[in-house]
Amino acid sequence: MKKVIIFFLLILCGGVIVYGNLHWKAMTTDSTSSDSSLKPEEKGQSEKDDSPSPGADNGEDLPGTVNWPEESRSLYKEKLAAGEPFTIVLLGSTEMDSIEEGWNDKVEDALVEEYGDTVSIESLSFETNTLEFVREEKYEEIGELQPGLVVFEPFVFKDNGNVTIEDTLQSIGTIIDEVKESSPGSAFVLTPPQPIYQPANYAAQVTEIQEYAEENDIPFIDHWSNWPDVEDEEIKTYLDDVSSPNEQGHTTWAKGITEFLVEKE
């Protein structure tokens, strides 16, 4: 009797195992069949939905703009999303136009090469000093362009010997404030005029402007570091007989501006 019970239990266990195996195979087949019933394009779409789109921002910084003021970078991203050009104004003295292709032209070429039609470059040069510029409200011309970024060479070359550094700095502040008021979201970068041989007081004024920029969290492009030392006569080979930059001087000046506006690894 005991052997019969054991035999019966073995048969029952074997049946359970066989049934379970058949049931598992049936479920696996149904799952595979269900997946293969999808059309090829539906499968592809399912995979695409899980991956980021090629044009997605993904929070990454825009290459080349790492030195820009944060306001300008944010506005540039907005303009890109809207399909509108971002305006960059190169503002300075007539030293930028002292030859046919000045530093502003060279910088414009470099920016267009890097950013294409996503940027619009405007160059404005003035034969004036900072006090006259403010008194005549010339800053309105910049505001009307609605710039996202202004690279500003203050008129120190004209100010030298004619305007105190205190008035120069106050005028710079007024220009920045007025342009920002009429063009919200815009930002400034300051850069000095050309260096000259043995500049004395002129060099001190440039240093004051750099310190002003640092105190007010305004980026400062020190292109003087690309030129020969101001006490070295070699610097004369970068200037003409009235201390305006020649071709070599403009190329050196443009290099400093471009390296800041287009960061390369």
Side-chain angles (χ1 to χ4, degrees), residues 62 64-79 85-96 102-104 107-108 110-111 115 118-126 128-159 163 165-194 205-225 253-254 256-263:
L62 292 167
T65 67
V66 294
N67 293 325
W68 293 18
E70 190 56 42
E71 307 97 303
S72 297
R73 300 182 72 218
S74 297
L75 184 58
Y76 182 43
K77 289 181 180 180
E78 291 178 15
K79 293 289 187 180
F86 176 85
T87 301
I88 300 175
V89 171
L90 307 178
L91 169 64
S93 69
T94 51
E95 295 303 313
M96 70 164 63
W103 68 260
N104 56 313
V107 169
E108 178 176 354
L111 291 176
Y115 302 114
T118 68
V119 296
S120 174
I121 316 300
E122 299 285 348
S123 294
L124 297 177
S125 63
F126 297 87
T128 186
N129 61 44
T130 52
L131 276 180
E132 292 172 348
F133 188 86
V134 171
R135 286 170 181 166
E136 297 173 8
E137 299 182 346
K138 294 290 187 181
Y139 46 73
E140 291 182 352
E141 296 183 35
I142 293 86
E144 289 173 357
L145 296 172
Q146 294 293 292
L149 178 63
V150 180
V151 180
F152 181 24
E153 172 230 327
F155 312 109
V156 183
F157 196 62
K158 284 287 186 180
D159 285 359
V163 179
I165 187 59
E166 291 77 17
D167 286 337
T168 295
L169 297 178
Q170 185 175 358
S171 296
I172 291 172
T174 299
I175 294 166
I176 292 175
D177 290 343
E178 291 291 342
V179 172
K180 284 188 173 184
E181 183 176 345
S182 59
S183 180
S186 64
F188 275 70
V189 171
L190 295 179
T191 189
Q194 77 277 16
Q205 290 176 308
V206 168
T207 299
E208 291 270 7
I209 291 173
Q210 183 170 5
E211 291 175 353
Y212 171 87
E214 293 171 355
E215 291 170 2
N216 290 275
D217 295 322
I218 302 171
F220 185 84
I221 305 176
D222 180 19
H223 64 84
W224 280 32
S225 59
W253 194 340
I257 305 296
T258 301
E259 287 176 346
F260 179 90
L261 295 177
V262 182
E263 175 71 12

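Excluded from the calculations below are hydrogen atoms, water molecules and symmetry mates; all remaining heavy atoms, backbone and side chain alike, are included.
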[atom1]-[atom2] distance between [X] and [Y], expressed to the nearest 0.5 angstrom:
| X | Y | atom1 | atom2 | result |
| --- | --- | --- | --- | --- |
| Lys79 | Ser120 | NZ | OG | 10.5 Å |
| Ile165 | Glu211 | CD1 | CD | 9.5 Å |
| Glu136 | Glu141 | CD | CD | 10.0 Å |
| Ser72 | Leu261 | OG | CG | 10.0 Å |
| Glu108 | Ile88 | CD | CD1 | 10.0 Å |
| Thr168 | Asp159 | OG1 | CG | 3.5 Å |

Would you say that [X] contacts [Y] through its side chain, given a criterion of any heavy-atom pair below 4.5 Å between the two side chains?
| X | Y | result |
| --- | --- | --- |
| Trp68 | Val189 | no |
| Glu263 | Thr65 | no |
| Pro219 | Phe188 | no |
| Ile209 | Pro154 | yes |
| Thr128 | Lys138 | no |
| Leu62 | Lys77 | yes |
| Leu75 | Phe86 | yes |
| Leu90 | Val107 | yes |

Any side-chain to backbone donor/acceptor pair from [X] onto [Y]? Under 3.5 Å, distance only.
| X | Y | result |
| --- | --- | --- |
| Gln146 | Ser182 | yes |
| His223 | Pro192 | yes |
| Ser74 | Glu71 | no |
| Thr94 | Phe126 | no |
| Gln194 | Trp253 | no |
| Ser183 | Pro147 | yes |

Begin from the C-alpha positions of Leu124 and Ile142 and carry the test side chain to side chain contact (heavy atoms under 4.5 Å, CB included) through to its verdict. CA-CA 8 Å; Leu124 297 177; Ile142 293 86; 3.9 Å; yes
Take Ile218 and Tyr212 through the side chain to side chain contact (heavy atoms under 4.5 Å, CB included) test and state the conclusion after the steps. CA-CA 8 Å; Ile218 302 171; Tyr212 171 87; 4.1 Å; yes
Minimum heavy-atom distance between Ser123 and Met96, given as atom pair plus value: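 It is CB-SD, 4.4 Å.
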Mind listing the closest non-hydrogen atom pair of Pro193 and Glu153 along with its distance?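 It is CB-OE2, 3.4 Å.
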Do Glu70 and Arg73 sit within salt-bridge range, that is, some charged N less than 4.0 Å from a carboxylate O?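 Looking at Arg73 together with Glu70, the answer is yes, because their closest N to O distance falls below 4.0 Å.
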Does the plane of the ring in Tyr115 sit parallel, tilted or perpendicular to the ring in Tyr76? Use 30° and 60° as the thresholds.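 The arrangement is perpendicular - the two ring planes meet at more than 60°.
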Could you label the plane-to-plane angle of the Phe133 and Phe155 rings as parallel, tilted or perpendicular, counting under 30° as parallel and over 60° as perpendicular?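 The arrangement is tilted - the two ring planes meet at 30° to 60°.
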For Asp222 and Phe220: C-alpha separation, side-chain torsions, deciding distance, then whether side chain to side chain contact (heavy atoms under 4.5 Å, CB included) applies. CA-CA 6 Å; Asp222 180 19; Phe220 185 84; 4.0 Å; yes
With a 6.0 Å cut-off (strictly less than), is the heavy-atom count around CD of Gln170, excluding the residue itself, greater than 12?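 Counting neighbours around CD of Gln170, 12 or fewer heavy atoms of other residues, nucleotides or ligands fall under 6.0 Å, so no.
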Val206/Trp224 under side chain to side chain contact (heavy atoms under 4.5 Å, CB included): CA gap, chis, key distance, verdict: CA-CA 10 Å; Val206 168; Trp224 280 32; 3.7 Å; yes
